[in-house]
S.K.: 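Here you go, one structure.
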Amino acid sequence: MTATIQMGGETAVQRSRGLGWFSIGLGAAEAVAPGQIGSLIGIDSGARGRNTLRALGLRELATGAAILRNPRKPALTLARVGGDLIDLALLGAALSSSRTNRKRAAAAIAMVAGVAAVDAMVARQLRQRQQSPAERRRASNRVRAAVTVNCGPDEAYDFWHDFRNFPRFMQHVQAVELLDDGRSHWIANEPGGVSLEWTAEITEDRPNEVIAWRSVEGAELPNRGSVRFAPAPGDRGTEVSVEMEYDPPGGAVGSFAAKMAALFGQSPSEQIQRDLARFKQVIETGEVVKSDASIHPGLHPARPSAQPM
């Protein structure tokens with residue numbers, strides 16, 4: 001167990017160094033070529049806009065240099081989170097300007113929100129390296145969702161109990177490996193493209209009724225939860241109810257980043273509800289059914305595209 005925690009800590013230090021170099025690269029671009037950066041993100045490249053971007057570039061250079069000098073210090077990575085919030089506020093204000101390319105600015109906001117989630121996660125991991133288990137105070141999020149599926153509780157339970165089925169319907173779960181003693185190893189991708197891994201253990205298992213689990217010590221995404229199976233009223237199949245509680249990367253700061261991600265359709269409650277909708281399709285039809293409109297990213301009319309694919 002100690003080796004697992006240490007390995008996760010060293011990974012956090014490596015990520016911190018990566019963020020330091022990212023700050024250096026971004027800061028140099030903003031300081032040297034503010035006009036081009038402004039055009040890229042769709043904001044006004046006038047004198048005032050260029051001066052603002054130069055100032056932001058100098059901030060990034062200073063933050064990056066400080067992180068590279070001491071990549072193990074969580075406060076320095078949290079400084080990046082503060083910078084991300086400033087960037088989001090400026091981009092949000094720019095959306096009201098008629099000179100702003102709103103599509104590019106919206107894309108920049110989504111990118112910065114993703115980077116903020118990464119920054120917050122790394123800061124949290126670095127802070128955990130310096131704390132004992134008794135000192136860790138995590139900001140938890142709890143989500144609940146339910147779906148009715150056209151099958152018996154035994155079939156729904158058997159499908160859910162084989163965790164290797166999860167990548168078939170959970171969007172962010174990449175792979176699940178079954179271990180011994182009711183444990184399993186999970187690999188998932190979070191918003192922002194961050195890969196997270198953890199080992200979970202079953203804490204309660206009543207066939208055709210309930211499965212409960214929790215992550216073991218040292219998980220990159222501490223979580224716990226349960227899924228319950230009950231006959232639906234009127235002999236309409238099985239009601240599958242899921243309750244999950246997780247500690248977002250970055251603690252309280254990570255909670256803010258999660259709320260920002262929710263603006264772009266990535267809130268945990270909405271995500272688990274979409275996952276359950278896919279679970280219903282898989283167990284009832286054998287696959288996730290996609291409409292023609294799914295070739296489009298982001299918001300779009302719910303009708304087939306008139307454009308050739």
Side-chain angles (χ1 to χ4, degrees), residues 138-179 181-191 196 198-216 219 221-248 255 258-259 261-291 293-294 299 302:
R138 302 182 175 102
S140 297
N141 280 291
R142 178 174 293 178
V143 294
R144 298 182 180 89
V147 67
T148 301
V149 295
N150 187 23
C151 69
D154 55 341
E155 184 179 352
Y157 167 87
D158 289 341
F159 185 91
W160 199 282
H161 196 275
D162 187 351
F163 298 137
R164 293 172 296 184
N165 286 322
F166 278 44
R168 297 176 60 186
F169 66 92
M170 284 197 163
Q171 181 178 357
H172 293 299
V173 175
Q174 301 302 305
V176 181
E177 178 186 0
L178 299 183
L179 306 175
D181 299 327
R183 297 182 306 134
S184 52
H185 186 74
W186 297 65
I187 302 176
N189 286 335
E190 289 299 292
L196 300 175
W198 67 91
T199 297
E201 60 183 1
I202 293 178
T203 58
E204 184 179 7
D205 189 355
R206 298 202 303 270
N208 309 334
E209 293 183 18
V210 61
I211 304 170
W213 70 90
R214 66 185 175 196
S215 59
V216 302
L221 183 66
N223 64 91
R224 62 211 65 83
S226 64
V227 55
R228 299 180 182 277
F229 310 90
D235 195 24
R236 293 185 297 108
T238 301
E239 185 175 276
V240 180
S241 305
V242 177
E243 180 174 324
M244 293 179 61
E245 188 176 351
Y246 71 99
D247 302 338
S255 296
K259 292 176 182 178
L263 296 176
F264 305 96
Q266 293 289 344
S267 72
S269 58
E270 291 178 350
Q271 184 62 58
I272 191 63
Q273 193 64 62
R274 288 196 293 267
D275 288 341
L276 285 180
R278 284 188 286 268
F279 162 70
K280 177 180 175 66
Q281 291 181 346
V282 170
I283 201 167
E284 291 182 353
T285 69
E287 62 180 349
V288 175
V289 181
K290 297 182 179 180
S291 68
S294 64
L299 299 175

S.K.: Look up atom CD1 in Ile272 and atom CD in Glu243, then write down how far apart they are to the nearest 0.5 Å.
M.R.: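 CD of Glu243 is found 11.5 Å from CD1 of Ile272.
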S.K.: Compare every heavy atom of Leu276 with every heavy atom of Ala146, then report the nearest pair and how far apart it is.
M.R.: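 Taking Ala146 first and Leu276 second, the nearest heavy atoms are N-CD1, 3.7 Å.
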S.K.: Considering all heavy atoms of both residues, which atom of Pro167 and which atom of Arg164 are nearest to each other, and what is their separation?
M.R.: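 Taking every non-hydrogen atom into account, CD-O, 3.3 Å.
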S.K.: Ignoring hydrogens and angles, state whether a donor on the side chain of Arg274 or Gln271 is under 3.5 Å from an acceptor on the partner side chain.
M.R.: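 Arg274 vs Gln271: donor-acceptor pair found between side chains.
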S.K.: Using 0.5 Å steps for rounding, measure from the CD atom of Gln273 to the CZ atom of Arg278.
M.R.: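 If we round to the nearest 0.5 Å, Gln273:CD and Arg278:CZ are 11.0 Å apart.
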S.K.: Enter the distance from Arg144:CZ to Met244:CE here, rounded to the nearest 0.5 Å.
M.R.: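 With rounding to 0.5 Å, CZ (Arg144) is 13.0 Å from CE (Met244).
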S.K.: If you apply the rule side chain to side chain contact (heavy atoms under 4.5 Å, CB included), what do you find for Asn165 with Val176, and how did you get there?
M.R.: CA-CA 8 Å; Asn165 286 322; Val176 181; over 6 Å; no
S.K.: Above 12 or not: heavy atoms from other molecules or residues under 6.0 Å from CZ of Arg183?
M.R.: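 Yes, the 6.0 Å shell around CZ holds more than 12 heavy atoms from other groups.
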S.K.: Output the distance between atom CD (Gln174) and atom CD1 (Ile187), rounded to the nearest 0.5 Å.
M.R.: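 If I round to the nearest 0.5 Å, the distance is 8.5 Å.
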S.K.: Working to the nearest 0.5 Å, report the span between CD1 of Ile283 and OG1 of Thr238.
M.R.: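 Between Ile283 CD1 and Thr238 OG1, I get 8.0 Å after rounding to 0.5 Å.
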S.K.: Can you check whether Glu201 reaches Asp181 side chain to side chain, under 4.5 Å on heavy atoms?
M.R.: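 They are not in side-chain contact.
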S.K.: Do the side-chain N and O atoms of Asp275 and His172 include a donor-acceptor pair separated by under 3.5 angstrom?
M.R.: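 Their side chains do not contain a donor-acceptor pair, so the 3.5 Å distance test is not met.
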S.K.: So that I know where these two stand, are Trp213 and Phe163 an aromatic pair - ring centroids less than 6.0 Å apart?
M.R.: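 Ring centroids of Trp213 and Phe163 are no less than 6.0 Å from each other.
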S.K.: Please name the pair of heavy atoms, one in Ser215 and one in Pro222, separated by the smallest distance, quoted to 0.1 Å.
M.R.: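 Closest pair (atom of Ser215, atom of Pro222, distance): OG-CA, 3.3 Å.
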S.K.: Please give me the minimum heavy-atom distance between Pro207 and Tyr157, naming the atom from each residue.
M.R.: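 For Pro207 versus Tyr157, the nearest heavy atoms are CA-CZ, 3.4 Å.
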S.K.: Kindly say whether Ala212 contributes a backbone atom to a donor-acceptor pair with the side chain of Glu204 at under 3.5 angstrom?
M.R.: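 Such a contact is absent between Glu204 side chain and Ala212 backbone.
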S.K.: Check the surroundings of atom CZ in Arg214: do more than 12 heavy atoms from other residues, nucleotides or ligands lie under 6.0 Å from it?
M.R.: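 Check fails, neighbour count at 12 or below.
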S.K.: Considering all heavy atoms of both residues, which atom of Phe159 and which atom of Arg168 are nearest to each other, and what is their separation?
M.R.: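 For Phe159 and Arg168, the tightest heavy-atom pair comes out as CE1-NH1, 3.6 Å.
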S.K.: Taking atom CG of Asp154 and atom NE2 of His161, what is their separation to the nearest 0.5 Å?
M.R.: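 That separation rounds to 13.5 Å.
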S.K.: Please work out which of the three classes, parallel, tilted or perpendicular, describes the rings of Trp160 and Phe169, given edges at 30° and 60°.
M.R.: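 Judged by the thresholds at 30° and 60°, the geometry between Phe169 and Trp160 is tilted.
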